[in-house]
There are 2 protein chains.
Amino acid sequence: MQNITDELINKGIKPSFIRVSVLNYLRNTIAHPTIETIYNSLKTLIPTLSKTSVYNTVELLADFGLINVVTIDKNESRYDGDIKFHGHFKCEKCNNLYDFSLLDVNYSDLKNFIINTKDVYFSGICANCVKGGV
Amino acid sequence: MQNITDELINKGIKPSFIRVSVLNYLRNTIAHPTIETIYNSLKTLIPTLSKTSVYNTVELLADFGLINVVTIDKNESRYDGDIKFHGHFKCEKCNNLYDFSLLDVNYSDLKNFIINTKDVYFSGICANCVKGGV
DNA sequence: TGTCTTCTTTGTAATGATTACAAATTTATA
DNA sequence: TATAAATTTGTAATCATTACAAAGAAGACA
Ligand SMILES: [Mn+2]
Ligand SMILES: [Mn+2]
Ligand SMILES: [Zn+2]
Ligand SMILES: [Zn+2]
């Protein structure tokens with residue numbers, strides 16, 4: 001938890017309880033939760049929490065590069081506390097999001113372009129659903 | 001235009017005027033237009049056109065694999081008449097969408113997964129905006 | 001401590017793309 | 001032509017996200 005606080009301070013962000021809680025939550029889940037899920041998960045820890053604060057907080061954290069926004073879902077953003085470069089797979093059956101390693105993305109045609117973000121989104125059926133699901 | 005009609009027929013889709021027009025429009029632009037843009041562009045050709053029909057049509061075309069939906073834009077889908085595998089770059093300054101060649105995407109960790117779609121989205125500043133924009 | 005200022009958090013309303021759906025229109029079939 | 005089926009349209013509903021002003025908490029200073 002101290003490291004989370006330090007991460008915020010190092011970026012010049014005041015480590016309010018909400019900010020520390022949201023960042024800590026995202027750093028300790030692989031679920032790539034939605035706003036709704038983050039909100040519900042922290043509600044017991046922070047009973048006065050508002051959904052607007054969750055929106056505000058993830059926007060702030062994303063702006064400072066502390067988390068990533070995963071827009072693989074067309075109608076609901078998901079948030080990722082893992083900012084190492086990796087790909088995302090969405091299962092069309094169970095809707096779970098999986099991380100996978102990206103060794104390299106080999107491209108051309110972008111001479112003189114400045115590339116700031118690289119997102120790789122796959123979709124299909126996950127191994128668990130392939131062999132019968134739950 | 002005949003080839004567009006045939007494409008629809010080959011998929012078992014009745015080639016109504018709207019369907020042929022939308023598919024033909026998407027096959028002849030590199031702009032990756034939004035629903036709004038498609039609607040406005042075809043309004044002169046089809047004065048009675050409704051936005052709902054544009055939604056219905058692109059959904060149908062996408063379901064049959066005749067076009068691709070590009071969800072690089074968080075709040076508005078874009079549609080692509082080019083179904084060959086390629087990446088998309090979104091310029092944060094001019095908001096234009098650019099195609100680029102993807103030689104290969106080298107990944108691991110997806111053993112026993114069935115992969116149906118692969119999307120590669122980059123963002124940053126395009127070459128034109130880098131050297132001063134318009 | 002009390003006052004003033006600034007930052008954070010909250011609740012509510014507005015926005016806007018997408019979806020739902022039934023009526024109207026067109027097209028196919030007998 | 002009459003009937004059925006498919007397509008198209010207009011309007012209303014949905015719902016994630018954004019805007020915004022009020023409320024609350026924290027910091028500075030005397
Ligand atoms: Mn991830
Ligand atoms: Mn394209
Ligand atoms: Zn699955
Ligand atoms: Zn540009």
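Letters go in sequence order (proteins before strands), and every chain restarts at 1.
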* Starting at the 5' end of DNA chain D, which residue's closest nucleotide do you reach first, B:Val54 or A:Glu76? -> B:Val54
* Select base, sugar-phosphate, or nothing to describe what B:Ser53 touches, counting heavy atoms under 4.0 Å on all strands. => base
* Asked: Quick one: is B:Ser16 getting a side-chain N or O under 4.0 Å of the D:dT8 phosphate, OP1 or OP2?
  -> yes
* Starting at atom CZ of B:Arg19, determine the distance to atom C1' of D:dT8, rounded to an integer number of angstrom. => 10 Å
* Structure fact -> Between A:Phe89 and B:Ile114 the two heavy atoms that sit nearest each other are CZ-O, 3.7 Å
* Which nucleotide of DNA chain C is the first, and which the last, in the 5' to 3' direction, to come under 4.0 Å of a heavy atom belonging to chain B? -> C:dA17 to C:dA28
* **Most 5' of B:Thr52 and A:Thr52 on DNA chain D, judged by nearest nucleotide** => B:Thr52
* Structure fact -> A:Asn75 CG to D:dC15 P, in whole Å, measures 10 Å
* **Distance, nearest 0.5 Å, that separates CZ of B:Arg78 from CG of B:Asn68** => 14.5 Å
* Asked: Any side-chain heavy-atom pair from B:Glu7 and B:Ile4 closer than 4.5 angstrom?
  -> yes
* Structure fact -> Walking DNA chain C from its 5' end, the first of B:Lys14 and B:Glu36 to be reached, judged by nearest nucleotide, is B:Glu36
* **Ring-face cation of A:Lys11 near A:Phe64 (centre distance under 6.0 Å, axis angle within 45°)** => no
* Structure fact -> Heavy atoms of B:Glu92 and B:Ser123 approach each other most closely as OE2-OG, 3.2 Å
* To do: Provide, to the nearest angstrom, the distance between the CZ atom belonging to A:Phe17 and the P atom belonging to D:dA26.
  => 12 Å
* To do: Return the value, rounded to whole Å, for the distance between atom CD1 of B:Ile46 and atom C1' of D:dT8.
  => 11 Å
* Please report, rounded to the nearest Å, how far the P atom of D:dT17 is from the CD atom of A:Glu59. => 12 Å
* Just checking B:Thr34: base, sugar-phosphate only, or nothing, at a heavy-atom cut-off of under 4.0 Å? -> nothing
* Between C1' of D:dG24 and CG of A:Asn56, the distance in whole Å -> 15 Å
* Decide side chain to side chain contact (heavy atoms under 4.5 Å, CB included) for A:Asp99 and A:His32; before the verdict, give the C-alpha distance in whole Å, the side-chain angles of both, and the deciding distance to 0.1 Å. => CA-CA 9 Å; A:Asp99 292 325; A:His32 306 84; 2.9 Å; yes
* Asked: For the residue pair A:Phe85 and A:Val105, what are the closest heavy atoms and their distance?
  -> CZ-CG2, 4.3 Å
